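As structure tokens, the structure follows; a few thoughts come after it.
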Amino acid sequence: QVQLVESGGGLVQAGASLRLSCVASGRTFSSNAMGWFRQAPGKEREFVATINWRGDSTDYANSVKGRFTISRDNAKNTVYLQMNSLKLEDTALYYCAARILGLSTSSPGQYNYWGQGTQVTVSS
């Protein structure tokens, strides 16, 4: 069993930066692919970023490419999402997810564990 706890969300102005963190419990973190997803009110959950177990392969949604960076520290059981140049449309509840397999994927159905989410609100 893996438990995920996100933090770092908040209310910021457009153009600002935030760094989200997700701490995982359990001894398998270093072998898990990790992902970040988000869900805005009235919309479906959507893929944001993913990273493989070693941290040397990443993928991003087109909407965040060049602005967001996913990274991980296996020694700390933590995955990060650095978000720069935030836009109004980035407002959402951001979820961290872990996959039993080590290969990264953008498909939410391939993830086995989910956190409770952290709210990011971008204002004008």
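None of the values given here were measured: they were computed from a predicted structure.
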Are [Y] and [X] connected into the same hydrophobic cluster when the rule is that any two of I, L, V, M, F, W, Y join if their side-chain heavy atoms are below 4.5 Å apart?
X	Y	value
L88	F68	yes
L86	Y80	no
F47	I51	no
L93	Y113	no
V120	L11	no

What are the two closest non-hydrogen atoms of [X] and [Y], and how far apart are they?
X	Y	value
M34	C22	CE-SG, 4.4 Å
V64	V48	CG2-O, 3.6 Å
V12	S17	CG1-O, 4.5 Å
T91	A40	O-CB, 3.7 Å
L81	A49	CD1-CB, 4.1 Å

[X] atom [atom1], over 12 foreign heavy atoms within 6.0 Å:
X	atom1	answer
E89	CD	yes
Q39	CD	yes
Q3	CD	no
K43	NZ	no

Checking side-chain polar atoms at under 3.5 Å, does [X] have a donor or acceptor matched by the opposite partner on [Y]?
X	Y	answer
R38	Y94	yes
D73	T78	no
Q110	R99	yes

Would you compute the distance between atom [atom1] of [X] and atom [atom2] of [Y] and round it to the nearest 0.5 angstrom?
X	Y	atom1	atom2	value
N32	L103	CG	CG	11.5 Å
T105	D59	OG1	CG	8.5 Å
S63	D90	OG	CG	7.0 Å

Does some side-chain heavy atom of [Y] sit less than 4.5 Å from a side-chain heavy atom of [X]?
X	Y	result
K87	R67	yes
V79	C96	yes
T50	W36	no
M83	T69	no
E6	S21	no
R72	N74	yes
T118	S7	no

field: Donor-acceptor contact below 3.5 Å, side chain N77 vs main chain A24
entry: yes
task: Ignoring hydrogens and angles, tell me if any N or O in the side chain of N52 forms a donor-acceptor pair with the backbone of G102 under 3.5 Å.
output: no
- prompt: Relative to Y95, does R45 satisfy both conditions: NZ or CZ under 6.0 angstrom from the six-membered ring centre, and within 45 degrees of the ring's axis?
  reply: yes
field: Q119 vs T121, side-chain contact (heavy atoms from CB on, under 4.5 Å): CA-CA, chis, key distance, verdict
entry: CA-CA 6 Å; Q119 179 67 39; T121 302; 3.4 Å; yes
- prompt: For the rings on W53 and F29, is their centre-to-centre separation under 6.0 Å?
  reply: no
field: Sub-6.0 Å ring centroid separation between F37 and Y111
entry: yes
